[in-house]
Amino acid sequence: MTKGNFYITTPIYYPSDKLHIGHSYTTVAADAMARYKRLKGFDVMFLTGTDEHGQKIQRIADEKGVTPKAYVDNIVGGIKKLWELMKISNDKFIRTTDPYHERAVQKIFKRLYDQGDIYKSEYEGWYCTPCESFWTQTQLNDNKCPDCGRPVELTKEESYFFRLSKYQNALIQYIEEHPEFIQPESRRNEMMNNFLKVGLEDLCVSRTTFDWGIPVEFDKGHVVYVWIDALSNYITALGYLSEDESLFEKFWPANVHLVGKEIVRFHTIIWPAMLMALGLPLPKQVFGHGWLVLAGGKMSKSKGNVVDPVVLVKKYGLDAIRYFLLREVPFGSDGLFSNEALIGRINADLANDLGNLVSRTVAMIDKYFDGIIPDERAEGDFDQDLMETVLAAPAKVDEKMDSLEFSAALVEIWKAISRTNKYIDETAPWLLAKDESQKPRLAQVMYNLAESIRIVSVLIQPFMVETPEKIWEQLGILDAKETQWDSVYSWGGYQSGNRVQKGVVLFPRIDLEQEMEDLSKLETGKDLSKQKKAGKKTDHQEKEEKKEQEDSLITIDDFAKIQFRTVTVIEAEKVEGADKLLKLKVRMGDEVRQVVSGIAKYYTPEEIIGKNLILVANLKPVKLRGIESQGMILAASDDNTLSLVTLDKALQSGLKVT
RNA sequence: GGCGGCGUAGCUCAGCUGGCUAGAGCAUGCGGUUCAUACCCGCAGUGUCGUUGGUUCAAAUCCAAUCGCCGCUACCA
């Protein structure tokens, strides 16, 4: 009886910290899609979960003095609660620490090894300890960690590698033959131009430097590194390589993996290559959505942007938040998240348009007909136009949903709402009510209003999860037939005899100014400027923004470890072939040091000679573009300008700075 | 540096393969209405469509250059 199967996934989130509104964004979108497909009669599998291994979690757990498992159990509990709060209708929640997943990952790893797609070698790379990331020489930025800009160390590690390079051509061909595979299109171009066409390198898929991961069965000391562990969740969740593969057979390949744009690459290159190696079909689509970005950095504090979804839901109601997330930003683009925008949407779309429409309609039916619309009705002007407009919505919603245009789908529904509000003005029921002979006409008008609202209430079900029922209650809709998706393609589903009932205000209006004040108070003590992007970041690749805060306090001893010295620049020249680098010779007392510094865009060699600067003198020397740099010059920069830290008064070089 | 994208009313944006007096929502002003959550309905705008050239009977829409912003990515010693 079903229309077919539909498998949709969110990324599995990294439970190193509480989730924020960006995570909710992805998950609510997936939820809306899953609900929509269920309403359409599909057999849906909606998967979400958590990616729980890795060094970062191990380290955080260590710091807190708990086991990694205990640590993630706690966080995952919170995540599950959040999804309950947001009424996420996932059919399954996978944790990469689930035993069935671990077993399947081991089997996958073994299989790929046995067939030669994984081989053992040595990983030589530059390691950034704070970020726990390896980088290749070419990834480095001025020989520093491209993520955090701190120095990296050359490290060797025995590792297993996945032959990603082998699948390069097959991937290119697949992507070219399946233009719908990577969406939106701009992401496809990025993957093609930046990775596939320039060539893929084999991928390191095991680690020996930590043990919080799935052990490689046949080689103790190695744990499976993120890729095979995390990405395979999409199939292990379905029982792939378990005793019961029936779900896998039923739902794979997935219809769509919803991911944030920052992890499109993993899902469109690494993951498909893994699947090819396993001889499995590829997911039909990977959709990389945009980020919700917090409104302007320095403004955000004073404007008090709240990004904790729990707080938002409690404050404004679940449906308001879900509506905002899906409505405000076209799904493929980035969008601004601000409390003003949120409140604006709530007031304009939800309170004024939808909520008020329901309220006024119910009030009129109640007032004019004691709650039940009489069967004796008379058609009149505007009826036809109303019907046409409202009935046009379902097909448009279908069309938009099929391409994951949630925002556009909601726009279509709201056109119907607007049309209905206008219809009230056109028909002026309060005038009809004054004339006894117009009762049948008034009844028809009331019926049309009720029916329009009924259709709208059915259409909003994928997006809003509490409001539809509240509306049905007020309209006196009891029969499930009236709330089925199929019932909105024709007029007349609202049944005679339904008794309307005034109810609670669906969406109370919010006083914007008052609210912004409250929010600022709520935010005191919290520094949101650190959190510029509320977008979801799920992987081990995630940058750690909190680290700065955690590590921000040092002792005087820590400070003493760094030797700052005054120096004078005696020579300077551009580094051949590098845009950003200047090679400096500096005098430090009797000593002359060679320093390479990434300031070429801001200083010419000529202007820097003779300057008195501060050098970090005991920094481990590194080679930058083959030139040894014996220290680091201090400078400050904002987005546009960089300024060297110079001495206010002329002093000799070589002095200690304390 | 390479690839891609963006720059349109105060704000957020629509405007596909060039063609009626350049649109929507929000905000603003005015008018109407009273069933309703001071709501709804109507009307009114303002825009050198980033800048400069070019193609064309005709360009916001195509081409070139340029400025500004953003995304991905990189440095060829």
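On a predicted model such as this, the values are computed, not experimentally measured, just so you know. Throughout, a chain's letter reflects where its sequence line sits, starting with A, and its residues are numbered from 1.
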- Query: With a non-hydrogen cut-off below 4.0 angstrom, is A/Ala351 in contact with a base, only sugar-phosphate, or nothing?
  - Reply: base

- Message: For B/rU56, give the paired nucleotide (Watson-Crick: N1-N3 plus N6-O4 or O6-N4; G-U: N1-O2 and O6-N3; both under 3.5 Å), or none.
- Response: none

- Note on the structure: Taking a pair to mean Watson-Crick or G-U wobble geometry with both distances below 3.5 Å, B/rC69 pairs with B/rG5

- N/O (side chain, A/Lys422) to phosphate O (OP1/OP2, B/rC40) under 4.0 Å: no

- Message: Could you tell me how far B/rA60 sits from B/rG50 if I compare only their P atoms? Round to whole Å.
- Response: 10 Å

- Which nucleotide, B/rC40, B/rG71, B/rU37, lies nearest any side-chain atom of A/Ser359? B/rU37

- Around A/Glu388, counting heavy atoms of other residues, nucleotides and ligands shown, do more than 12 lie under 6.0 Å from its CD? yes

- Testing B/rA36, B/rU33, B/rC72 for proximity to the side chain of A/Glu190, the answer is B/rC72

- Task: Would you kindly say whether A/Asn448 and A/Gln444 are connected by a side-chain donor-acceptor distance under 3.5 Å?
- Result: yes

- Does a distance-only test, which skips hydrogens and angles, find a donor-acceptor pair under 3.5 Å between the side chain of A/Asn194 and the base of B/rC72? yes

- Item | Heavy-atom closest pair, residues A/Leu475 and A/Asn498 | O-CB, 3.6 Å

- Message: Counting only side-chain heavy atoms from C-beta out, which of B/rC40, B/rU33, B/rG71 sits nearest to A/Asn352?
- Response: B/rC40

- Map A/Arg327 and A/Ile424 onto RNA chain B by nearest heavy atom, then report which one ends up closer to the 5' terminus. A/Arg327

- Paired with B/rG25 by Watson-Crick or G-U wobble geometry, both distances under 3.5 Å: which nucleotide is it? B/rC11

- Message: Please determine whether the number of non-hydrogen atoms from other residues, nucleotides or ligands lying under 6.0 Å from atom CD of A/Glu180 exceeds 12.
- Response: yes

- Note on the structure: Any strand, both distances under 3.5 Å, Watson-Crick or G-U wobble: B/rC16 pairs with none

- Which part of the nucleic acid does A/Phe507 contact within heavy-atom distance under 4.0 Å: base, sugar-phosphate only, or nothing? base

- Could you tell me whether A/Gly355 contacts a base, only the sugar-phosphate backbone, or nothing, with contacts defined as non-hydrogen atoms closer than 4.0 Å? base

- Item | B/rU73 phosphate, OP1 or OP2, under 4.0 Å from A/Arg265 side-chain N/O | yes

- When we call it a touch if two heavy atoms are under 4.0 Å apart, what does A/Leu357 touch: a base, just sugar-phosphate, or nothing? nothing

- Query: Across all strands shown, which nucleotide pairs with B/rG42 by Watson-Crick or G-U wobble geometry, both distances under 3.5 Å?
  - Reply: B/rC30

- Task: State plainly whether the residues A/Lys415 and A/Glu412 are in salt-bridge range, i.e. N to O under 4.0 Å.
- Result: yes

- Using a heavy-atom distance cut-off of less than 4.0 Å, which residues of residues 433-441 of chain A contact RNA chain B? none

- Query: Nearest to the side chain of A/Arg360 - B/rU37, B/rC26, B/rC35?
  - Reply: B/rC35

- Query: Which residue pairs pass the salt bridge (Lys or Arg N to Asp or Glu O under 4.0 Å) test with at least one member in residues 345-363 of chain A, sequence neighbours excluded?
  - Reply: A/Arg327-A/Asp349, A/Glu328-A/Arg345, A/Arg345-A/Asp349

- Report which part of the nucleic acid A/Asp349 touches: base, sugar-phosphate, or nothing (heavy-atom distance under 4.0 Å, all strands). nothing

- 5'-most contact on RNA chain B (nearest-nucleotide basis), A/Arg187 vs A/Gly344, goes to A/Gly344

- Message: Less than 3.5 Å apart, any donor N or O on the side chain of A/Ser496 or A/Arg377 sitting next to an acceptor on the other?
- Response: yes

- Item | Donor-acceptor pair, side chain of A/Tyr447 and main chain of A/Tyr494, under 3.5 angstrom | yes

